Protein chains: 2
Amino acid sequence: MADTMTKHDFDSDGNAPKRRVRADAQRNEDAVLEAAKAVFATAGVDAPVREIATRAGVGVGTLYRRFPTRSDLVAAVFRREVDACAATAETLAMDYPPGEALVRWLNRYTDFIATKKGLAAALHSGDPAFDALPDYFRAKFEPVLMSLLEAAAAAGEVRRDIAAYDLLRAIGNLSVAGVGDEAGAAHTRSMVELLVDGLRFGAVKAGR
Amino acid sequence: MADTMTKHDFDSDGNAPKRRVRADAQRNEDAVLEAAKAVFATAGVDAPVREIATRAGVGVGTLYRRFPTRSDLVAAVFRREVDACAATAETLAMDYPPGEALVRWLNRYTDFIATKKGLAAALHSGDPAFDALPDYFRAKFEPVLMSLLEAAAAAGEVRRDIAAYDLLRAIGNLSVAGVGDEAGAAHTRSMVELLVDGLRFGAVKAGR
DNA sequence: TTGATATACGGAACAACGTTCCGTATATAC
DNA sequence: GTATATACGGAACGTTGTTCCGTATATCAA
């Protein structure tokens, strides 16, 4: 039978496909993301895929259909949470004076990272699935921190010669140490404060 | 002629081992450590055990006899390198003024960490084999940095309220980002400098 | 030297993981 | 209601870390 000429074919890029996404597929994707978020927070990003699939009530095949690699799943979950954290900056900027907004967001950011067991390592593991993550991370967070930084600098509270991205990375890495450790969290916080003092140091010298 | 009468019986601590350590065993242990050091530097601490065994010219069984866990091997290699890095501090302290010696050692330390792909993550992974590492790390590095810090503080170049250990951890974590990345190394360096500026900031104010 | 034996060796075998495959089930379009 | 594209579950595969054990050998006593 040569019925190769199928009836519906030209659903090229960006056009409406003949069939819409199946409801169960969508439901399962959500379930997987939700389960993954929970499992990652508990057991770190190295948690077995099977565990996530089970928790989501699907088979591993289903999971892999949507996330071809465990790294893709990690990336997807990560993106979601980045969005959430970045969003808090605006609120802070409105509710507090520049210097305080900056510090508060930095703390929020620190807490955000604290729930990312092993993620910093994964980011630099060379896995191609994570290649896009730093860019996403940066695209979301840099403008946000730049605003806070600029406002604080304008108020004469911090220096201007530190790039937002550098600060972002520095604090992110600083925070890796405190994961799952009470004393570690305290250390992280004081080191972040030290960094902020470094920021102020410059402002003092340049401000007069 | 009576000679073979115990030329080595109670060496170390009151123990009298019937047989001494076999020569081939010792040789293999060295070979494994050497191979592991090279492989870890190249491929990170997650490199396959088999690869290390092969490179050392031994079977995996032999490797596991001495290092019951891959983590134990990682720990052993790590300890060696910690010793080497800590040792450089004394030299520096003798050859440079306090402030400079401090900064130079901090840089040396940064370079040291830069070759430790993924090790910071391993340290906090919860693997029991690494539990002793932070203590070892601290026991070796803290006194060393305390000396440098104290000398610099005495010279009025830095503040006194930052604990050596915190600084150690902070820089270590800061350095994780720069692994295998040119720009990353530069970022790391400037963040370390920012930290040092934070140290100086306090010194300036502490005139009281 | 020679034999006895504790010790060490290599690599096959096992378990747990990430990932692939494919026969079966089902939501959607007509 | 039927056809069929789509999604599903889970067995199966390759690669890890680790264990096991039969074989080889360095050391000791004679």
Side-chain angles (χ1 to χ4, degrees), chain A residues 1 3-11 16-32 36 39-40 43-75 118 122 125 127-130, chain B residues 1-9 11 16-32 36 39-40 43-75 118 122 125 127-130:
Chain A
M1 290 304 204
D3 65 330
T4 47
M5 157 166 245
T6 48
K7 27 234 169 141
H8 49 59
D9 243 36
F10 55 124
D11 58 332
K18 290 296 182 179
R19 281 163 182 265
R20 54 189 196 199
V21 180
R22 272 172 58 164
D24 55 347
Q26 185 60 51
R27 215 181 314 127
N28 281 328
E29 177 169 339
D30 291 343
V32 167
V39 172
F40 287 159
V45 294
D46 288 332
V49 167
R50 269 174 253 261
E51 187 180 331
I52 296 167
T54 299
R55 183 172 186 134
V58 305
V60 285
T62 298
L63 191 159
Y64 271 90
R65 162 173 292 271
R66 227 154 309 279
F67 306 101
T69 275
R70 62 163 286 114
S71 309
D72 292 325
L73 177 56
V74 172
S125 67
D127 187 320
F130 294 132
Chain B
M1 353 210 99
D3 44 9
T4 57
M5 169 84 186
T6 73
K7 55 184 179 182
H8 60 297
D9 245 19
D11 324 63
K18 294 292 181 183
R19 282 161 183 263
R20 56 187 192 197
V21 179
R22 272 172 59 161
D24 55 347
Q26 184 61 51
R27 215 179 315 126
N28 281 330
E29 177 169 338
D30 290 344
V32 167
V39 172
F40 286 160
V45 294
D46 288 332
V49 167
R50 270 173 254 261
E51 187 181 330
I52 296 168
T54 299
R55 181 172 187 134
V58 305
V60 286
T62 298
L63 191 159
Y64 271 90
R65 162 173 292 273
R66 228 153 308 277
F67 306 101
T69 276
R70 63 163 286 112
S71 309
D72 292 325
L73 177 56
V74 172
S125 68
D127 187 322
F130 294 132

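Labels below follow one simple rule: chain letters A, B, ... track the order of the sequence lines, proteins then strands, and each chain is numbered from 1. What you see is a predicted model; the values in this text were computed from it and never measured. Only this structure's heavy atoms are used, side chains among them; waters, hydrogens and symmetry mates stay out.
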Assign a letter to each nucleotide of nucleotides 9-18 of chain C from its 5' end: B, base within under 4.0 Å of a protein heavy atom; S, sugar-phosphate only; -, no contact.
BBBBB---BB
Do B:V39 and B:E51 have side chains that get closer than 4.5 Å, going by heavy atoms?
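They are in contact (side-chain heavy atoms under 4.5 Å apart), so the answer is yes.
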Side chain to side chain, B:D24 and B:R27, heavy atoms closer than 4.5 Å
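Yes, side chains in contact.
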Verdict with reasoning, B:V74 to B:F67, per side-chain contact (heavy atoms from CB on, under 4.5 Å):
CA-CA 9 Å; B:V74 172; B:F67 306 101; over 6 Å; no
Rounding to an integer number of Å, can you tell me how far A:F67 CZ sits from C:dT20 C1'?
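Atom CZ in A:F67 sits about 18 Å away from atom C1' in C:dT20.
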Atom-pair distance (CZ on A:R27; P on C:dT26), nearest Å:
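Value for this atom pair: 12 Å.
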Spell out, as yes or no, whether a donor-acceptor pair under 3.5 Å connects the side chain of B:T62 to the backbone of B:V58.
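Checked: no pair found.
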Please report the interatomic distance CZ(A:R66) to CG(A:N28), rounded to the nearest 0.5 Å.
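Taking CZ in A:R66 and CG in A:N28, the distance rounds to 7.0 Å.
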With B:S71, which residues qualify under side-chain contact (heavy atoms from CB on, under 4.5 Å), at least two apart?
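Partners of B:S71 by the side-chain contact (heavy atoms from CB on, under 4.5 Å) criterion, ordered by chain and then number, come out as B:T69, B:D127, B:A129, B:F130.
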Helix axis bend for the helix from C:dT1-D:dA30 to C:dC30-D:dG1 - C1'-based end axes, five pairs, 10° rounding:
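What I find for the helix from C:dT1-D:dA30 to C:dC30-D:dG1 is an axis angle of 10°.
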Minimal non-hydrogen separation, B:I52 against B:V32, with atom names
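For B:I52 versus B:V32, the nearest heavy atoms are CG2-O, 4.1 Å.
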Run A:V49 and A:Y64 through side-chain contact (heavy atoms from CB on, under 4.5 Å) and show every step you take.
CA-CA 9 Å; A:V49 167; A:Y64 271 90; 3.6 Å; yes
